[in-house]
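A quick note: this is a predicted structure, and the numbers were derived from the prediction, not measured.
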Amino acid sequence: MTATRETSHTNTGHGAGPHGGGASILHQPKAVWAVAFASVIAFMGIGLVDPILPAIAEALQASPTQTSLLFTSYLIITGLAMLITSFVSSRIGAKKTLLIGLALIVVFAAFAGAAGSVEAVIGFRGGWGLGNAFFISTALATIVGAASGGASSAIVLYEAALGLGIAIGPLLGGLLGSISWRGPFFGTAVLMAIGFIAIAVLLAKDEKADRTPTRLSAPLRALANPSIRLLAFTALFYNMGFFTLLAYTPFPLGLNAIGLGFTFFGWGMGVAITSVFVAPLLTRRMRRTTALIGALVLLALDLVAGGLLIESTVGLIACIVVGGLMLGVVNTVLTESVMMATDLPRTVASSAYSAVRFLGGAIAPPAAAALAVAVSPGFPMYAAAGSVIVAALFVVIGRKTLRRVDNGGEESELDEAQALSVGEE
């Protein structure tokens with residue numbers, strides 16, 4: 001049963017609420033909480049290095065562009081590996097795939113902490129990204145499949161884990177990074193080992209008879225679907241804005257590790273709050289595409305403000321935190337949209353979409369650092385705003401393609417009749 005069939009919908013064509021069927025997102029099986037806990041730790045890895053970027057640059061005598069590659073290696077390997085995760089998980093099962101991902105993160109996070117050069121840290125972050133790919137795409141499908149309350153409730157829970165992880169990551173990175181830049185890496189390795197044990201104990205082994213082997217080419221074939229392709233490229237340009245805000249702004253802020261940690265903790269809390277509370281409220285009252293376009297436009301305006309206030313520490317911090325509020329809405333609505341866009345297996349849809357969107361995140365950090373040197377410190381923020389506007393235009397232009405998303409995962413009889421009449425003309 002796909003995610004598109006599990007969500008209750010209104011008859012207005014607007015998105016269903018996150019509590020479909022009356023079930024609370026807090027009443028979940030232990031296995032769901034185990035995966036959600038591990039997801040929090042996995043997403044901590046995204047923002048963990050943020051507060052220690054200047055410290056790594058100083059300790060390892062690296063430039064801002066070099067240190068920004070810590071995001072690039074992590075995200076590009078995550079994106080490319082997403083193309084094989086559904087193939088692997090459909091053959092060995094979700095539990096083994098999750099455990100492999102967690103084990104890889106433990107090993108490479110520890111190696112990164114022990115590294116003696118920025119090049120080694122960049123390489124080990126790539127291995128960390130490989131583990132992240134196996135974990136993330138499988139975790140989303142596992143939570144959606146096992147959670148009570150329908151797909152929307154599960155997605156809100158997943159996004160809550162994402163937001164919490166993104167919030168805690170910089171805070172932990174700042175606190176441990178104030179002792180040593182190596183501390184956050186070793187801390188993550190320990191926490192991921194705990195997550196590994198939780199999933200090993202609490203998540204039941206899936207039955208081989210329940211698996212449907214997925215072809216290796218399935219994610220690439222999924223991108224032939226107009227809805228998935230449109231959402232993937234929307235996310236690619238959006239992620240350029242996302243990771244410019246995350247990976248570039250620590251340098252012009254000029255704060256120490258603890259200061260950066262608290263700044264991005266506030267940013268992450270903004271992501272978490274709007275993911276859980278605001279996004280579901282919006283999609284109950286308007287079409288998903290409307291909510292998505294509105295949040296993207298507001299994010300672009302926030303990035304422009306960040307460029308104008310690039311030399312003001314207080315002003316830039318405010319823009320970062322406000323940006324987090326917009327990011328939470330976009331993250332949740334995009335994830336719901338991907339799960340509802342087609343009848344494809346969740347792991348295939350998630351892998352195809354994520355493979356493209358993470359490439360946007362991989363491009364942004366070094367590009368932003370280079371633009372700051374070549375043009376001005378504020379220019380990367382303006383470029384990020386332009387990228388987010390491109391993402392919004394994709395949704396505006398492709399609104400008919402996303403009709404199913406606006407209908408909550410179902411094609412209405414009127415839409416089907418219109419499609420047939422167009423085909424006959």
Side-chain angles (χ1 to χ4, degrees), residues 1-10 12-18 20 79 82-83 85-86 136-137 140-141 143-145 150-156 158-159 162 214 217-239 275 279-280 282-284 286-293 295-296 329-360 391-416 418-419:
M1 195 173 190
T2 67
T4 60
R5 305 303 183 197
E6 293 173 344
T7 311
S8 60
H9 314 296
T10 67
T12 62
H14 297 174
M82 283 285 183
L83 296 173
T85 55
S86 58
I136 287 177
S137 64
L140 175 57
I143 288 177
V144 171
S152 284
S153 291
I155 289 168
V156 169
Y158 177 80
E159 291 297 335
L162 184 154
T214 300
S217 61
L220 290 175
R221 289 174 179 269
L223 290 173
N225 181 283
S227 297
I228 295 294
R229 185 170 62 246
L230 177 62
L231 291 168
F233 280 95
T234 298
L236 184 146
F237 284 95
Y238 155 67
N239 262 21
S275 293
L282 291 174
T283 55
R284 280 200 297 268
M286 64 181 72
R287 296 180 183 275
R288 282 184 173 82
T289 54
T290 301
L292 192 54
I293 293 165
L296 287 169
V329 173
V330 177
N331 286 345
T332 296
V333 178
L334 271 175
T335 303
E336 285 187 350
S337 298
V338 171
M339 293 293 101
M340 294 178 175
T342 69
D343 284 321
L344 289 168
R346 299 184 197 101
T347 52
V348 173
S350 175
S351 296
Y353 162 78
S354 297
V356 176
R357 75 182 173 108
F358 278 119
L359 294 181
L393 289 174
F394 268 108
V395 182
V396 171
I397 296 169
R399 208 159 189 174
K400 287 186 178 179
T401 303
L402 298 177
R403 185 184 295 113
R404 176 181 175 128
V405 169
D406 278 334
N407 290 340
E410 302 286 354
E411 294 282 2
S412 71
E413 292 180 4
L414 177 60
D415 291 331
E416 290 174 355
Q418 288 175 336

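The two residues Ala279 and Val333 make their nearest non-hydrogen contact at CB-CG2, 4.4 Å. The minimum heavy-atom distance linking Tyr353 with Ala235 is given by the pair CE1-CB, 3.5 Å. Taking both residues in full, the closest heavy atoms of Val330 and Ala295 are given as CG2-CB, 3.6 Å, listed atom of the first, atom of the second, then distance. Heavy atoms only, all atoms of each residue included: Ala392 and Ile293 are closest at O-CG1, 4.3 Å. Residue Phe358 comes nearest to Gly79 through the heavy atom pair CB-CA, 3.8 Å, listed as atom of the first residue, atom of the second, then distance. In terms of heavy atoms, Ala352 sits closest to Ala222 at CB-CB, 3.8 Å.
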Residue pair Arg404, Thr342: steps toward the side chain to side chain contact (heavy atoms under 4.5 Å, CB included) verdict: CA-CA 8 Å; Arg404 176 181 175 128; Thr342 69; 5.6 Å; no
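Residue Ser227 forms a side-chain contact (heavy atoms from CB on, under 4.5 Å) with just one option from Val405, Leu344, Val338, Leu402, and that option is Leu402. Checked against Leu334 for a side-chain contact (heavy atoms from CB on, under 4.5 Å), the options Leu296, Asn239, Leu231 give a single hit: Leu231.
At a threshold of 4.5 Å between non-hydrogen side-chain atoms, the residues Val395 and Tyr238 do not count as touching. Residues Lys400 and Thr289 fail the side-chain proximity criterion, which asks for heavy atoms closer than 4.5 Å.
For the atom pair Glu336 CD and Leu292 CG, the distance stands at 11.0 Å (nearest 0.5 Å). Within the model, atoms CG of Leu223 and OG of Ser217 stand 11.5 Å from one another, a figure rounded to the nearest 0.5 Å. Put simply, CG on Leu359 and CE on Met82 are 11.0 Å apart, with the number rounded to the nearest 0.5 Å.
For the residue pair Ser351 and Thr85, a side-chain donor N or O sits within less than 3.5 Å of a side-chain acceptor on the partner. No donor-acceptor contact under 3.5 angstrom links the side chains of Arg229 and Thr234, judged on distance only. No side-chain donor-acceptor contact under 3.5 Å links Ser337 and Arg288.
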